[in-house]
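Every number for a ligand or one of its atoms is a count from 1 in the order of the listing. For clarity, every value in this text was computed on a predicted model and none was experimentally measured. Residues take their numbers from the sequence shown, with the count starting at 1.
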Amino acid sequence: MAEFTDVDPVASEAPIAKHLLPISAHADEGGHLVIGGVRVEDLAQEFGTPLFIYDEDHLRARCQEAVAAFGYHASFATKAFLTKAMARLAFEEGMSLDVSTGGELEVVLAAGVPAERIVVHGNNKSESEITRAIEVGVGRLIVDSFDEIERLRTVGDFGSVRLSIRVTPGIEAHTHEFIMTGQEDSKFGFSLSSGDADRAIEAIRSIRGVTLDGAHAHIGSQILDFDSFRKEIELLAPFLARHQLTEFVVGGGLGVAYLNSESAPSLSSWAKAIREECALAAIPDDVAIGIEPGRAIVATAGVTCYRIGTIKEIPGVRTYVSVDGGMSDNPRPVLYRSGYEVFLPRNMTAPRSRAVRVVGKHCESGDIIVTDGRLPHDVKVGDLAVTPVTGAYGYSMASNYNRVTRPPVIFVSGGEAKIVARRETIEDLLRLEP
Ligand code: LLP
């Protein structure tokens with residue numbers, strides 16, 4: 001097996017770093033990318049491009065890592081990537097599942113996940129979403145606002161559904177403003193410092209038949225250091241004690257590396273830091289601690305494979321490499337200016353000596369996938385190009401902009417590929433219209 005580089009300190013011509021690829025990924029003797037025992041070029045041939053490819057063993061390994069630390073108090077945040085197959089996989093590996101809308105709830109139920117293993121979030125749950133969640137008997141509903149408390153008063157029978165309160169701890173996590181959620185100025189949850197969280201507890205407990213025994217906070221996403229999580233735990237500990245709450249979910253938010261030059265902590269080291277801080281904050285052992293990772297489970301498990309259709313060189317300016325997808329399958333560069341790497345699966349060990357901007361096929365200039373990418377000098381029209389670390393918030397945020405059909409999703413493992421979501425068709429595009 002040909003080797004490729006480990007962590008490269010400065011983004012450069014170096015081939016793609018191993019830590020950005022799914023665990024089963026390697027280069028075969030000819031330098032071709034293999035994932036799950038299958039050559040990516042063969043997958044593109046069989047399933048077409050663009051194509052979302054997930055390493056099933058990688059997904060399972062990450063779920064196992066979360067469950068090893070927190071048991072079923074580790075919930076997979078389905079917003080990061082949801083298909084029925086993914087919901088089943090997370091459940092099979094022992095995770096619970098977190099949903100934030102009625103739509104996510106229905107997909108997870110359709111996957112056959114038992115309702116008691118589903119946690120329901122949302123800052124604006126409708127009456128019908130609440131009714132449905134209680135009717136099917138979800139494990140937990142996270143109460144997010146005073147208006148929601150009023151809606152809950154009309155529920156006659158909560159059955160076995162337990163409630164938690166979403167607390168806003170007032171922390172500014174170091175991440176992009178749009179994915180920061182723990183600060184005071186937020187649409188989510190009840191503020192701790194103003195006393196709203198305490199008042200909400202009283203109000204919820206005045207509803208007949210409710211069991212409110214948990215607190216939940218989520219301070220943001222793509223967080224790469226543990227300080228904000230430590231602060232969150234420290235702030236929440238007295239609140240848990242004051243209200244005798246016996247479940248505390250720290251949220252999701254653990255970041256991943258997107259570029260050769262980046263590195264990210266593992267789920268296990270995050271779990272260890274959480275446990276240590278809970279002990280330091282004197283949270284009693286009988287309080288169940290939980291996490292809700294999305295990105296850290298699925299991001300690195302997935303890659304996107306595109307085909308290059310045009311290469312436009314503007315002398316003295318830059319080279320545009322256009323692929324057959326774009327902001328409709330990965331809106332993250334446009335939304336958050338997120339950086340990605342790109343490489344050719346036909347020769348993943350080659351130096352990437354040519355500076356390029358990888359763009360999509362949408363009718364707008366902002367349709368950028370890789371702002372400052374590098375590809376081997378012999379890149380040509382017809383080549384396949386792969387962007388790694390697209391497993392989180394790519395397929396789940398995909399759109400039909402410009403009436404582009406959404407790519408299929410395949411899981412690969414042990415030399416086998418299976419379609420977990422087929423490619424959209426023109427019939428799909430037209431199905432809503434009379
Ligand atoms: N729990 C709650 C309540 C959340 O709101 C989120 C993410 C998670 C868990 C999972 O967070 P993760 O572990 O994936 O960071 N679209 C953005 C990310 C938005 C995250 C929203 N909430 C992106 O592409 O970066």
**OP:** Could you tell me how the ring of Phe81 sits relative to the ring of Phe411: parallel (under 30°), tilted (30 to 60°) or perpendicular (over 60°)?
**Re:** tilted
Original post:
Relative to the ring of His362, is the ring of Tyr401 parallel (under 30°), tilted (30 to 60°) or perpendicular (over 60°)?
Top reply: parallel
Of the side chain and backbone of [X], name the one, both, or neither that has a heavy atom under 4.0 Å from an atom of ligand 1.
{"X": "Asp98", "value": "side chain"}
{"X": "Ala77", "value": "side chain"}
{"X": "Tyr336", "value": "side chain"}
{"X": "Glu292", "value": "both"}

Original post:
Short list, please: which atoms of ligand 1 are under 4.0 Å from a heavy atom of Arg166?
Top reply: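 Listed by number with element: 3 (C).
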**OP:** Mark up the atoms of ligand 1 that fall under 4.0 Å of a heavy atom belonging to Met397, in ascending order.
**Re:** 16 (N), 24 (O)
Looking only at N/O atoms, are [X] and ligand 1 under 3.5 Å apart anywhere?
{"X": "Gly253", "answer": "yes"}
{"X": "Arg332", "answer": "yes"}
{"X": "His216", "answer": "no"}
{"X": "Leu254", "answer": "no"}

So do [Y] and [X] actually touch side chain to side chain, heavy atoms under 4.5 Å?
{"X": "Pro407", "Y": "Arg423", "value": "yes"}
{"X": "Glu292", "Y": "Phe76", "value": "no"}
{"X": "Leu82", "Y": "Glu104", "value": "yes"}

Subject >> Salt bridge present between Lys418 and Glu56 (N-O < 4.0 angstrom) >> reply: yes
Original post:
Ion pair present between Arg62 and Glu65, side-chain N to carboxylate O less than 4.0 angstrom?
Top reply: yes
Original post:
Does atom OH of Tyr72 have more than 12 heavy-atom neighbours from other groups under 6.0 Å away?
Top reply: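 No.
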Original post:
Looking at ligand 1, does Pro293 have a heavy atom less than 4.0 Å from it?
Top reply: yes
